[in-house]
Number of protein chains: 2
Amino acid sequence: MELKEARDRFIHTWGTLSTQWGINRTMSQIHALLLLSDKALNADEIMEELQISRGNVNMNLRDLISWGLIFKQLIPGERKEYFVAEKDIWKVTRQISRERRRRELTPLLDAMNDIRNSIKDQEEARGLLKIVNDIDAVASLADSTLELISREESQWLVSTFARLTQKG
Amino acid sequence: MELKEARDRFIHTWGTLSTQWGINRTMSQIHALLLLSDKALNADEIMEELQISRGNVNMNLRDLISWGLIFKQLIPGERKEYFVAEKDIWKVTRQISRERRRRELTPLLDAMNDIRNSIKDQEEARGLLKIVNDIDAVASLADSTLELISREESQWLVSTFARLTQKG
DNA sequence: AATAATTTTCAGAATATTTTGAAAATTCAA
DNA sequence: TTGAATTTTCAAAATATTCTGAAAATTATT
C-alpha cells in the first residue's frame with residue numbers, strides 16, 4: 001500500500017469508528033489528520049486535504065480545542081492560525097476521559113440524584129429506587145475509573161490493571 | 001414528585017443520555033421502560049406507554065435482543081409475545097461491555113493491524129506507524145478492560161479497582 | 001383450508017445532524 | 001484610519017437517521 005493511501009485509510013477509519021461513539025465524523029478526521037502531521041496545519045490546508053468547507057473546518061477546530069485535543073500555534077511572521085494535535089496518545093486518552101466524565105457522567109449522576117431525592121420516602125417507589133441506585137453505582141464506578149485514567153500519574157496503574165486482565 | 005412523573009423522568013433521562021453514546025433514543029427508552037416494569041410487556045403496551053409506532057417498537061425490540069439486554073417471554077395461554085429486561089445491572093453492564101467490544105474495538109484493532117501490515121517495511125512511514133501502534137495499545141487496553149468487565153467473576157475485581165480510585 | 005391475530009418489513013415522511021458558503025466580524029499591517 | 005487578510009457566524013441546503021403505518025409475511029385457531 002502507498003503511504004498516502006495508508007494515511008487516508010487511517011483518517012477514514014478514525015472518522016467512521018468515531019460516529020459509533022457519538023463523535024462527529026469530520027471532527028475525528030481533522031483530529032486524525034493533525035495527529036499524523038508533524039507540522040502545524042492551517043484551515044486552508046485542512047480544507048484542501050479533507051475536501052470540506054471553511055465553516056466546517058472552523059467549527060470542528062473549535063470543538064477539538066474545547067475537548068483539549070488540539071492547540072492553536074502561532075507561527076512568527078505568519079498571519080494565519082495554525083493547529084497542532086497533542087501527540088502523546090496517553091495524554092489524549094486522559095483528556096478524553098476527563099471530558100466525557102464532565103459532559104456525560106456528571107449529568108447522569110445528577111439526574112439519578114434528583115430522581116432519588118424526589119421519591120426517597122415513597123414506599124411504592126421501591127422498584128424505581130432500586131434501579132436508580134444500581135445505575136448510580138455503575139455510573140459512579142465508571143466515573144471513578146475515568147477520574148483515575150484522567151490523572152497525570154495514572155499510566156502505571158492503568159498498565160497494571162491491563163496486566164491483571166491478561167491472566168485469569 | 002409523583003411516582004409516574006419520576007418514572008417518566010427516568011425514561012426520558014436514559015433516552016437523552018444514550019444518544020451521546022451513539023445509541024438510539026427509542027431503544028434506550030424501551031430498555032428503561034422494561035427495566036422499570038416488574039411484569040413482561042408486549043408491543044402494544046410499549047407503543048401505548050411511549051407513544052410510538054408498532055414498527056419502531058418492533059425494530060428496537062429486535063435490537064435490544066441482539067444486544068442481549070432483553071428477552072422474549074412466552075406467557076401460557078397468551079398469543080402475543082412479551083418482553084422482559086435483564087434486571088441485574090451488573091449483568092447488563094457486562095453484556096454492554098461484551099457487545100461494544102465485539103462491535104467497536106475488534107474492528108478498530110483489525111483496521112490498525114491492516115494498516116500496520118501494509119506499511120511495516122516503509123522507512124518513510126515511521127510517523128504513521130507510531131500513531132497506529134499507540135492507538136493499538138490504547139485500544140488493546142480498552143479491549144482488555146471490557147473483556148475483564150464482561151467476565152462472570154469480574155464484579156469483585158471491578159469494585160476493587162473502584163476502591164483503588166478513591167484514594168491517591 | 002380458511003380466518004383471525006400477530007409480527008415483520010420497508011418505502012416514504014419526519015426529524016435531526018452536518019455541511020456549505022457567503023456575509024459579518026475581527027485582526028493585523030501599512 | 002483604511003483596507004486587505006483571516007476568522008467566525010449562521011441561514012439554508014444536503015445528508016443521515018429515525019419513525020410511521022400500512023401491506024406482506026408469519027403464526028396460531030377454528
Side-chain angles (χ1 to χ4, degrees), chain A residues 11-34 40-67 69-84 103-104, chain B residues 11-34 40-67 69-84 103-104:
Chain A
I11 291 169
H12 182 261
T13 302
W14 204 233
T16 306
L17 269 287
S18 70
T19 58
Q20 288 185 303
W21 287 85
I23 287 155
N24 177 295
R25 205 184 82 227
T26 304
M27 177 167 145
S28 302
Q29 289 185 338
I30 295 177
H31 187 216
L33 177 63
L34 289 175
L41 300 179
N42 63 39
D44 290 277
E45 290 166 330
I46 296 170
M47 288 168 66
E48 166 64 21
E49 181 78 38
L50 301 178
Q51 291 294 305
I52 55 180
S53 73
R54 182 175 304 284
N56 198 4
V57 167
N58 184 270
M59 189 164 195
N60 284 294
L61 285 172
R62 289 320 111 202
D63 273 357
L64 283 165
I65 287 173
S66 86
W67 274 83
L69 299 176
I70 68 169
F71 306 95
K72 238 182 234 187
Q73 188 167 83
L74 296 179
I75 294 187
E78 281 269 18
R79 177 78 178 274
K80 284 179 177 157
E81 292 177 332
Y82 283 74
F83 300 88
V84 283
R103 295 171 192 227
E104 292 158 21
Chain B
I11 292 169
H12 182 262
T13 303
W14 205 231
T16 306
L17 269 286
S18 70
T19 58
Q20 288 186 304
W21 288 86
I23 288 155
N24 178 295
R25 204 184 83 230
T26 304
M27 175 169 148
S28 303
Q29 289 184 339
I30 295 177
H31 187 216
L33 176 62
L34 289 174
L41 301 180
N42 63 38
D44 290 278
E45 290 167 330
I46 296 170
M47 286 168 67
E48 166 64 21
E49 180 78 37
L50 301 179
Q51 291 294 304
I52 55 181
S53 73
R54 183 176 303 284
N56 198 4
V57 167
N58 185 271
M59 188 163 196
N60 284 294
L61 285 173
R62 289 322 110 198
D63 273 358
L64 282 165
I65 287 173
S66 86
W67 274 82
L69 299 175
I70 68 170
F71 306 95
K72 239 184 235 187
Q73 188 167 84
L74 297 180
I75 294 187
E78 282 269 18
R79 177 79 178 273
K80 285 180 178 159
E81 294 178 331
Y82 284 74
F83 300 89
V84 282
R103 295 170 191 228
E104 292 158 21

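Throughout, a chain's letter reflects where its sequence line sits, starting with A, and its residues are numbered from 1. As the structure is a computational prediction, the values presented were derived from the model and not from experiment.
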Could you walk me through whether B/E49 and B/I46 pass the side-chain contact (heavy atoms from CB on, under 4.5 Å) check? CA-CA 5 Å; B/E49 180 78 37; B/I46 296 170; 5.8 Å; no
Please report the distance, rounded to the nearest Å, between NZ in B/K72 and P in D/dT26.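 So the NZ-P distance, B/K72 to D/dT26, works out to 14 Å.
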Measure from CG on B/D63 to C1' on D/dC19 and round the result to the nearest Å.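 My rounded result for the distance is 13 Å.
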Can you sort out the partners of [X] under side-chain contact (heavy atoms from CB on, under 4.5 Å), two or more places apart, ordered by chain and number?
| X | answer |
| --- | --- |
| B/S18 | B/I23, B/S28 |
| A/N24 | A/T26, A/M27, A/N60 |
| A/L17 | A/T13, A/Q20, B/L108 |

Strictly below 4.0 Å, heavy-atom distances to any atom of DNA chain C: list the hits from residues 14-32 of chain A, or just say none.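 Those residues whose heavy atoms fall under 4.0 Å from DNA chain C, taken from residues 14-32 of chain A in numerical order, are A/N24, A/T26.
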Under a 4.0 Å heavy-atom cut-off, which of residues 74-82 of chain B touch DNA chain C?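 Within residues 74-82 of chain B, the residues near DNA chain C are B/R79, B/K80, B/E81.
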At a heavy-atom distance below 4.0 Å, what parts of residues 52-59 of chain B sit against DNA chain D?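 Here the set is B/I52, B/S53, B/G55, B/N56.
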If the condition is salt bridge (charged side-chain N to carboxylate O under 4.0 Å, His left out), which residues does B/R25 pass it with, not counting sequence neighbours?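 Once residues adjacent in sequence are excluded, B/R25 has no partner under the salt bridge (charged side-chain N to carboxylate O under 4.0 Å, His left out) criterion.
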Could you tell me from which nucleotide to which nucleotide of DNA chain C, 5' to 3', there is an atom under 4.0 Å from chain B heavy atoms?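 The contacted stretch runs from C/dA4 to C/dT9.
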Please report the closest heavy-atom contact between B/G15 and B/Q29, naming both atoms and the distance.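 Looking at all heavy atoms of both residues, the closest pair is CA-CG, 3.9 Å.
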Determine the minimum heavy-atom distance between B/I70 and B/F83, stating which atoms define it.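 Nearest pair, atom of B/I70 first, then B/F83: CD1-CD2, 4.2 Å.
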I'd like to know whether CE of B/M59 has more than 12 heavy-atom contacts from other residues, nucleotides or ligands below 6.0 angstrom.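 At most 12 heavy atoms, drawn from other residues, nucleotides or ligands, come within 6.0 Å of this atom.
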Would a 4.5 Å heavy-atom cut-off, applied to side chains only, mark A/L50 and A/N56 as touching?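 No, side chains not in contact.
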So, using side chain to side chain donor-acceptor pair (under 3.5 Å) as the criterion, who are the partners of B/E45 when residues are at least two apart?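 Here no residue qualifies.
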When rounded to the nearest 0.5 angstrom, what is the spacing between CG in A/L64 and CG in A/L69?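 One gets 6.0 Å once the value is rounded to the nearest 0.5 Å.
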Please round to the nearest 0.5 Å and tell me the distance separating atom CG of B/L41 and atom CD1 of B/I30.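 CD1 of B/I30 is found 10.5 Å from CG of B/L41.
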Cut-off 3.5 Å, no hydrogens considered: what does the side-chain donor-acceptor table look like for residues 75-82 of chain B, sequence neighbours left out?
unit_1: B/E78; atom_1: OE2; unit_2: B/Y82; atom_2: OH; d: 3.1
unit_1: B/K80; atom_1: NZ; unit_2: B/D44; atom_2: OD2; d: 3.2
unit_1: B/E81; atom_1: OE2; unit_2: B/K72; atom_2: NZ; d: 2.9
unit_1: B/Y82; atom_1: OH; unit_2: B/N42; atom_2: ND2; d: 3.1

